[in-house]
Amino acid sequence: MPEVTLTAEAGREIGSSATRRLRSEGRIPGVVYGHGAEPIPVSVQAREFQIAMSGEAGRNTLLSLTVDGTDFLTLARDIQHHPVKNVVTHVDFLIVRRDEVISAEVGINLVGEAIEVHHGDGVVDQQLFTLSVKARPADIPPSVDIDISTLTIGGALHVSDITIPAGVELETDIDATVVAGQPPRVQVTEAEEAEAAGVETPDGETPVATDDAAEG
């Protein structure tokens, strides 16, 4: 995975007023930490950080962070956002080594077309969007793919159906469902409404009233 160079300024002031001033100047406050190093309060240009994180690897982008002439290999972690403006308000830079195995979250992409599900007016229901993995920083994949072309209504694909790159270890349960083929939502809704009303459902079965209902 290629590295992205990012420059940070050390020695920022701590406190809410200083933080607001930094943000008004288009900078993001943060801290560099890890591997026993003393935490270093820093700030980075918001635009430069946004560009650095906009690549294929997203949050798993390896950042060569330059702080006062010293380079740190880092990953951006605990990225905080403003609840309304949706801008980054703080970021932690975790120092990593190239030879260490670390945990990360990678996105899951659905590829192919679930023809049988679509022909039956069904719904492709993605239930898992990220995988927890362990790997060396350079081996963390930007994302993983799962082919849904064999998916059917009533069927499901699991983590075990994903091809995991070499050097990557799964932390997510391999039996976890990634995507399921659901029946048409209209049919499901009609069946639920019929059951709630106590009338005959499409499969010919009439819901049985409970003892409490019968007594009422």
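No experiment lies behind these values; they were computed from the predicted model shown.
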S.K.: If you group Ile, Leu, Val, Met, Phe, Trp and Tyr by side-chain heavy-atom gaps below 4.5 Å, do L170 and I146 land in one group?
M.R.: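 L170 and I146: one cluster.
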S.K.: Measure across G181 and V117 and return the closest heavy-atom pair with its distance rounded to 0.1 Å.
M.R.: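 Closest approach of G181 to V117, heavy atoms only: CA-CG2, 4.3 Å.
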S.K.: Under the 3.5 angstrom rule, does the side chain of R136 hit a backbone N or O of R97 as a donor-acceptor pair?
M.R.: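 Answer holds: no.
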S.K.: Does the side chain of E105 come under 3.5 Å of the side chain of S132 through a donor N or O and an acceptor N or O?
M.R.: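 A donor-acceptor contact under 3.5 Å links the two side chains.
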S.K.: Would you name the heavy atoms of G112 and I148 that are closest together and state the gap between them?
M.R.: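 Taking every non-hydrogen atom into account, O-CG1, 3.8 Å.
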S.K.: Just one of I79, D78, V31 clears the side chain to side chain contact (heavy atoms under 4.5 Å, CB included) bar with V91, so which one?
M.R.: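 For V91, the side chain to side chain contact (heavy atoms under 4.5 Å, CB included) test succeeds with only one of I79, D78, V31, which is I79.
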S.K.: Is there a side-chain contact between V67 and F72 in this structure, where contact means two heavy atoms from C-beta onward sitting under 4.5 Å apart?
M.R.: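 With C-beta onward as the side chain, the pair touches.
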S.K.: Crowded around E56 CD? As in, over 12 foreign heavy atoms under 6.0 Å?
M.R.: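 Not more than 12 within 6.0 Å, no.
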S.K.: Would L22 end up clustered with V88 when hydrophobic side chains under 4.5 Å apart are linked, directly or stepwise?
M.R.: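 Different clusters.
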S.K.: Looking at P165 and V144, what are the two nearest heavy atoms and their distance?
M.R.: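 What the structure gives for the nearest pair is CD-CG1, 4.4 Å.
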S.K.: Does the side chain of P141 reach to within under 4.5 Å of the side chain of V168, using non-hydrogen atoms?
M.R.: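 Side chain of P141 against side chain of V168, heavy atoms only: contact under 4.5 Å found.
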S.K.: Considering non-hydrogen atoms only, spot the tightest contact between A52 and V4 and give its length.
M.R.: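 That closest heavy-atom pairing would be CB-CG1, 3.7 Å.
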S.K.: Quick one: does V106's side chain get under 4.5 Å of I140's, heavy atoms only?
M.R.: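 V106 reaches I140 side chain to side chain.
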S.K.: Quick one: closest heavy-atom pair of E113 and H118, and the distance?
M.R.: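 That closest heavy-atom pairing would be CG-CD2, 3.7 Å.
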S.K.: I'd like to know whether V124 forms a side-chain contact (heavy atoms from CB on, under 4.5 Å) with V179, so could you lay out the CA-CA distance, the side-chain angles of the two residues, the decisive distance to 0.1 Å, and finally the verdict.
M.R.: CA-CA 7 Å; V124 175; V179 59; 3.5 Å; yes
S.K.: Can you establish whether the number of heavy atoms outside Q80 located under 6.0 Å from its atom CD is more than 12?
M.R.: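 Yes, CD of Q80 has more than 12 neighbouring heavy atoms, counting only those of other groups under 6.0 Å.
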S.K.: Evaluate the side-chain proximity of E48 to L6: yes if any heavy-atom separation is below 4.5 Å, no if none is.
M.R.: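 Yes - at least one pair of side-chain heavy atoms lies under 4.5 Å apart.
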S.K.: I'd like to know if the side chain of R23 reaches the main chain of T89, judged simply by a donor and an acceptor atom lying under 3.5 Å from each other, with no hydrogens or angles considered.
M.R.: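 Pair found, side chain donor or acceptor close to backbone of T89.
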S.K.: If you count the non-hydrogen atoms of other residues, nucleotides and ligands that lie under 6.0 Å from NE2 in H35, is the total more than 12?
M.R.: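 For H35, atom NE2 is crowded (more than 12 foreign heavy atoms under 6.0 Å).
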S.K.: Between R27 and S43 (side chain of the first, backbone of the second, donor and acceptor by atom type, cut-off under 3.5 Å), is there such a pair?
M.R.: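 Judged by distance alone, yes, a pair lies under 3.5 Å.
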S.K.: Do the non-hydrogen side-chain atoms of L94 and V96 ever get within less than 4.5 Å of each other?
M.R.: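 They are in contact (side-chain heavy atoms under 4.5 Å apart), so the answer is yes.
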S.K.: Honestly curious: do L62 and I51 fall in one hydrophobic cluster under the side-chain, below-4.5 Å linking rule?
M.R.: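 Cluster IDs for L62 and I51 differ.
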S.K.: Is Q126 reaching over with its side chain to a backbone N or O of L128, donor-acceptor style, under 3.5 angstrom?
M.R.: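 Judged by distance alone, yes, a pair lies under 3.5 Å.
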S.K.: Dump the intermediate steps for side-chain hydrogen bond (donor to acceptor under 3.5 Å, both in side chains) on D68 and T70, then the final yes or no.
M.R.: CA-CA 6 Å; D68 287 349; T70 301; over 6 Å; no
S.K.: Okay, side chain of H158, backbone of D161: is any donor-acceptor separation there less than 3.5 Å?
M.R.: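 Side chain of H158 to backbone of D161, a donor-acceptor pair under 3.5 Å: no, none is there.
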S.K.: Quick one: are I108 and V178 in side-chain contact, heavy atoms under 4.5 Å?
M.R.: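 I108 vs V178: side chains touch.
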S.K.: Is T74 reaching over with its side chain to a backbone N or O of L63, donor-acceptor style, under 3.5 angstrom?
M.R.: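 Answer holds: yes.
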S.K.: For Y33 and D92, run side-chain contact (heavy atoms from CB on, under 4.5 Å): C-alpha distance rounded to whole Å, both residues' side-chain angles, the deciding distance at 0.1 Å, then the answer.
M.R.: CA-CA 8 Å; Y33 71 98; D92 289 350; 3.5 Å; yes
S.K.: Could you check whether E116 and T152, counting side-chain N and O atoms only, form a donor-acceptor pair closer than 3.5 Å?
M.R.: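 Judged by distance alone, the side chains do not pair up.
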S.K.: What are the two closest heavy atoms between E3 and S64, and how far apart are they?
M.R.: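 Between these two residues, the closest heavy atoms are OE1-CB, 3.9 Å.
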S.K.: Report the residue from T7, D71, T5 that forms a side-chain hydrogen bond (donor to acceptor under 3.5 Å, both in side chains) with T66.
M.R.: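 Among T7, D71, T5, the one meeting side-chain hydrogen bond (donor to acceptor under 3.5 Å, both in side chains) with T66 is D71.
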S.K.: Using the rule that Ile, Leu, Val, Met, Phe, Trp and Tyr join whenever any side-chain heavy atoms are under 4.5 Å apart, tell me whether V133 and F129 fall into a single cluster.
M.R.: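 Result: no, two separate clusters.
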S.K.: So do I102 and P137 actually touch side chain to side chain, heavy atoms under 4.5 Å?
M.R.: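 Yes, at least one pair of side-chain atoms sits under 4.5 Å.
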S.K.: With a 4.5 Å heavy-atom cut-off, do I162 and D145 have their side chains touching?
M.R.: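 SC-SC contact between I162 and D145 ruled out.
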S.K.: Answer yes or no: does atom CZ of R98 have more than 12 heavy-atom neighbours from other residues, nucleotides or ligands under 6.0 Å?
M.R.: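 At most 12 heavy atoms, drawn from other residues, nucleotides or ligands, come within 6.0 Å of this atom.
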S.K.: Report whether F49 and V87 are members of the same hydrophobic cluster (ILVMFWY, side-chain heavy atoms less than 4.5 Å apart, transitive linking).
M.R.: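 Different hydrophobic clusters.
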S.K.: Would you call K134 and E100 a salt bridge, taking side-chain N to carboxylate O under 4.0 Å as the test?
M.R.: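 No.
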